[in-house]
Visitor: 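Please read through the structure below; I'll follow up with questions.
Computed over heavy atoms, backbone and side chain alike; hydrogens, waters and symmetry mates excluded.
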Amino acid sequence: MEKREELYIGKAKSVFSTDDPDHYVMVFRNDTSAFDGKKKAQLDRKGMVNNKFNAFIMQKLMAAGIPCHFEKVLSDNESLVKRLQMLPLECVVRNIAAGSICRRYGVQEGLELNPPTFEFFLKSDPLGDPMVNEHHIISFGWATPAQIERMKELTFQINTILKPLFLSGDMLLVDYKLEFGVVVDKNGNGELVLGDEFSPDGCRIWDKNTREKLDKDRFRQDLGNVVESYEEIGRRIGVKFD
Ligand code: UDP
């Protein structure tokens with residue numbers, strides 16, 4: 001597999017084309033950012049940790065029947081993925097209130113959400129990723145009604161797979177963000193599959209007993225030991241980093 005052109009440079013990952021038109025290489029960099037890119041840093045080893053963490057989670061999800069773009073790990077900080085046409089949406093499921101939902105609705109951090117709740121956001125840094133509803137998504141053509149239903153179905157299904165996984169390591173999966181894309185065939189139709197990544201950069205995970213924050217809130221809130229804490233989450237669920 002030959003890595004060719006850098007097609008997309010995100011805040012923490014880059015995507016390269018390859019000699020195979022159906023596959024891309026996803027590179028996990030050490031860059032980290034928060035607050036729509038306003039706070040930035042380089043964190044030693046983060047690319048490697050997130051690449052291996054993501055591979056572990058994607059493999060668990062695929063074993064449970066979730067369609068994912070992940071193919072295989074190529075190196076410490078690179079993975080091979082299927083080429084997708086991404087939908088410009090972020091799907092968030094919340095089991096416990098934290099972050100923006102507390103600010104928006106004036107609820108206490110730590111409130112258990114029963115049943116878990118779901119939100120769509122438009123992926124747009126200049127607009128600050130605004131929350132959008134299903135009517136917006138259809139009217140603006142960001143996804144079809146069938147794709148909306150499938151994204152919700154898969155995102156909730158992933159909750160039933162990952163909540164017990166983190167609980168087995170004495171951790172609570174507070175919330176998480178997923179992005180989906182379409183594997184486009186020659187007729188322009190395609191299966192909706194999970195794209196992007198699942199790592200502590202895009203979810204909230206607390207220690208079950210102490211409620212200590214183990215995820216990217218450590219970076220957002222200057223709590224220190226960010227990458228060490230990502231590794232600790234991984235270690236508790238069986239991710240191998242060496
Ligand atoms: N999230 C993300 N990327 C974003 C926005 C949110 O990965 O651009 C994740 C975030 O890490 C958390 C969940 O989505 O796990 C919900 O985030 P929230 O809406 O609470 O936003 P925040 O508090 O991060 O502004």
Side-chain angles (χ1 to χ4, degrees), residues 9-14 26-58 60 73 75-79 90 92-104 106-113 119 121 123 125 128-129 159 162-179 196-242:
I9 307 176
K11 293 193 286 289
K13 301 191 296 298
S14 299
M26 210 162 70
V27 179
F28 290 76
R29 306 195 314 269
N30 287 342
D31 302 302
T32 194
S33 78
F35 311 120
D36 297 319
K38 288 183 209 76
K39 176 172 177 169
K40 287 187 201 161
Q42 280 266 324
L43 299 176
D44 210 30
R45 303 176 70 250
K46 191 186 77 116
M48 179 276 287
V49 168
N50 276 5
N51 185 38
K52 293 183 181 174
F53 193 107
N54 174 65
F56 180 90
I57 296 286
M58 291 272 170
K60 286 271 180 219
V73 166
S75 73
D76 264 5
N77 69 335
E78 296 170 311
S79 285
E90 300 186 339
V92 172
V93 159
R94 300 175 189 271
N95 295 306
I96 297 174
S100 73
I101 201 170
C102 297
R103 298 192 289 274
R104 259 182 286 128
V107 296
Q108 197 77 41
E109 180 178 89
L111 178 76
E112 198 177 322
L113 301 171
E119 294 167 339
F121 295 90
K123 211 175 149 59
D125 277 339
D129 291 354
N159 205 27
L162 296 187
K163 240 167 55 165
L165 175 68
F166 289 110
L167 207 51
S168 73
D170 278 331
M171 294 174 287
L172 300 172
L173 178 58
V174 172
D175 60 31
Y176 55 93
K177 183 266 299 177
L178 302 177
E179 294 178 30
D196 191 48
E197 68 177 300
F198 191 104
S199 77
D201 270 354
C203 63
R204 289 192 169 92
I205 293 169
W206 295 351
D207 181 272
K208 179 170 159 267
N209 302 311
T210 64
R211 299 219 149 194
E212 187 188 3
K213 294 171 178 169
L214 302 173
D215 54 79
K216 192 164 139 181
D217 275 346
R218 299 203 69 83
F219 174 67
R220 293 188 188 97
Q221 300 173 10
D222 295 317
L223 300 175
N225 295 324
V226 179
V227 178
E228 292 80 358
S229 184
Y230 287 16
E231 275 184 287
E232 167 69 11
I233 301 172
R235 198 187 51 72
R236 289 198 204 180
I237 57 171
V239 184
K240 298 268 181 289
F241 294 109
D242 35 48

Visitor: Partners of Lys216 by salt bridge (Lys or Arg N to Asp or Glu O under 4.0 Å), sequence neighbours excluded?
Guide: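 If we apply the salt bridge (Lys or Arg N to Asp or Glu O under 4.0 Å) test to Lys216, skipping adjacent residues, there are no hits.
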
Visitor: Using atom types as modelled and distance alone, determine if a side-chain donor or acceptor of Arg94 lies under 3.5 Å from a backbone N or O of Ala98.
Guide: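 Judged by distance alone, yes, a pair lies under 3.5 Å.
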
Visitor: So, taking the atom named CG in Leu214 and the one named CD1 in Ile233, what distance separates them when rounded to the nearest 0.5 Å?
Guide: 5.0 Å

Visitor: Identify, with sequence neighbours excluded, every residue that meets side-chain contact (heavy atoms from CB on, under 4.5 Å) alongside Lys240.
Guide: none

Visitor: What's the verdict on side-chain contact (heavy atoms from CB on, under 4.5 Å) for Val93 and Asn159, showing C-alpha distance, side-chain angles and the deciding distance?
Guide: CA-CA 8 Å; Val93 159; Asn159 205 27; 3.8 Å; yes

Visitor: With Arg211, which residues qualify under salt bridge (Lys or Arg N to Asp or Glu O under 4.0 Å), at least two apart?
Guide: none

Visitor: Within a strict 4.5 Å, meaning less than it, do heavy atoms of the Tyr176 and Val92 side chains meet?
Guide: no

Visitor: Show the nearest heavy-atom pair for residues Phe198 and Phe53, with the distance to one decimal.
Guide: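 Heavy-atom minimum between the residues: O-CD2, 3.6 Å.
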
Visitor: Testing the basics here: between Ser100 and Phe121, what is the closest heavy-atom pair and its distance to 0.1 Å?
Guide: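 Looks like OG-CZ, 4.3 Å.
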
Visitor: First locate atom OG of Ser229, then atom CG of Leu223, and finally report the distance between them rounded to the nearest 0.5 Å.
Guide: 9.0 Å

Visitor: Check side chain to side chain donor-acceptor pair (under 3.5 Å) between Asp31 and all other residues, then give those that pass, not counting sequence neighbours.
Guide: Arg29, Gln42

Visitor: Are more than 12 heavy atoms from other residues, nucleotides or ligands located less than 6.0 Å from atom CD of Gln108?
Guide: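 No, the 6.0 Å shell around CD holds no more than 12 heavy atoms from other groups.
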
Visitor: When you compare the side chain of Glu212 with that of Arg218, does any pair of heavy atoms fall below 4.5 Å?
Guide: yes

Visitor: Counting C-beta onward and ignoring hydrogens, is there a side-chain heavy-atom pair between Ile57 and Ile237 closer than 4.5 Å?
Guide: yes

Visitor: Using side chain to side chain donor-acceptor pair (under 3.5 Å) as the criterion, list what pairs up with Lys60, not counting sequence neighbours.
Guide: none

Visitor: Report the residues that fulfil side chain to side chain donor-acceptor pair (under 3.5 Å) with Glu112, sequence neighbours left out, ordered by chain and then residue number.
Guide: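 Counting only residues at least two positions away or on another chain, Glu112 forms no side chain to side chain donor-acceptor pair (under 3.5 Å).
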
Visitor: Do Asn95 and Lys163 make a side-chain contact, defined as non-hydrogen atoms from C-beta onward lying under 4.5 Å apart?
Guide: yes

Visitor: Just how far is it from atom CD1 of Ile9 to atom OG of Ser14, taken to the nearest 0.5 Å?
Guide: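 If I round to the nearest 0.5 Å, the distance is 5.5 Å.
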
Visitor: Any chance you could lay out the side-chain contact (heavy atoms from CB on, under 4.5 Å) test for Asn77 and Lys52, step after step, and finish with the verdict?
Guide: CA-CA 8 Å; Asn77 69 335; Lys52 293 183 181 174; over 6 Å; no

Visitor: Side chains of residues 167-174: which donor-acceptor partners sit under 3.5 Å, not counting sequence neighbours?
Guide:
{"residue": "Ser168", "atom": "OG", "partner": "Leu165", "partner atom": "O", "Å": "2.5"}

Visitor: Any idea which heavy atoms bring Cys102 and Ala97 closest together, and the distance?
Guide: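 Between these two residues, the closest heavy atoms are SG-C, 3.7 Å.
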
Visitor: Please step through side-chain contact (heavy atoms from CB on, under 4.5 Å) for the pair Val73 and Asn51, ending with a clear verdict.
Guide: CA-CA 8 Å; Val73 166; Asn51 185 38; 4.1 Å; yes

Visitor: Before you tell me yes or no, could you show the steps for Asn54 and Met26 under side-chain contact (heavy atoms from CB on, under 4.5 Å), namely the whole-Å CA-CA distance, both residues' side-chain angles and the distance that decides it to 0.1 Å?
Guide: CA-CA 11 Å; Asn54 174 65; Met26 210 162 70; 4.1 Å; yes

Visitor: Is the shortest side-chain heavy-atom distance between Asp196 and Leu178 below 4.5 Å?
Guide: no

Visitor: Just to verify, what does Arg104 make a salt bridge (Lys or Arg N to Asp or Glu O under 4.0 Å) with, not counting sequence neighbours?
Guide: Glu119

Visitor: What residues form a salt bridge (Lys or Arg N to Asp or Glu O under 4.0 Å) with Glu228, not counting sequence neighbours?
Guide: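 None.
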
Visitor: Decide whether Glu78 and Ser75 meet the rule of one side-chain donor and one side-chain acceptor closer than 3.5 Å.
Guide: yes

Visitor: Going by atom types alone, do Arg220 and Thr32 pair a side-chain donor with an acceptor below 3.5 Å?
Guide: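 No - no donor-acceptor pair under 3.5 Å links their side chains.
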
Visitor: Distance-only criterion, 3.5 Å: show the donor-acceptor pairs between side-chain atoms of residues 199-207 and protein atoms not counting sequence neighbours.
Guide:
{"residue": "Ser199", "atom": "OG", "partner": "Asn50", "partner atom": "ND2", "Å": "3.4"}
{"residue": "Ser199", "atom": "OG", "partner": "Glu197", "partner atom": "OE1", "Å": "2.8"}
{"residue": "Ser199", "atom": "OG", "partner": "Asp201", "partner atom": "N", "Å": "3.1"}
{"residue": "Asp201", "atom": "OD1", "partner": "Tyr230", "partner atom": "OH", "Å": "2.6"}
{"residue": "Asp201", "atom": "OD2", "partner": "Lys46", "partner atom": "NZ", "Å": "2.5"}
{"residue": "Asp201", "atom": "OD2", "partner": "Asn50", "partner atom": "ND2", "Å": "3.0"}
{"residue": "Arg204", "atom": "NE", "partner": "Asp217", "partner atom": "OD2", "Å": "2.8"}
{"residue": "Arg204", "atom": "NH1", "partner": "Asp175", "partner atom": "OD2", "Å": "2.9"}
{"residue": "Asp207", "atom": "OD1", "partner": "Asn209", "partner atom": "N", "Å": "2.9"}
{"residue": "Asp207", "atom": "OD1", "partner": "Thr210", "partner atom": "N", "Å": "2.8"}
{"residue": "Asp207", "atom": "OD1", "partner": "Thr210", "partner atom": "OG1", "Å": "3.1"}
{"residue": "Asp207", "atom": "OD2", "partner": "Arg236", "partner atom": "NH1", "Å": "2.9"}
{"residue": "Asp207", "atom": "OD2", "partner": "Arg236", "partner atom": "NH2", "Å": "3.0"}

Visitor: Side chains of Phe219 and Lys39, heavy atoms from C-beta outward: is any pair under 4.5 Å?
Guide: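 Yes, at least one pair of side-chain atoms sits under 4.5 Å.
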
Visitor: Tell me every residue that passes side chain to side chain donor-acceptor pair (under 3.5 Å) with Ser33, counting only those two or more places apart in sequence or in another chain.
Guide: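 Listed in chain order: nothing, the list is empty.
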
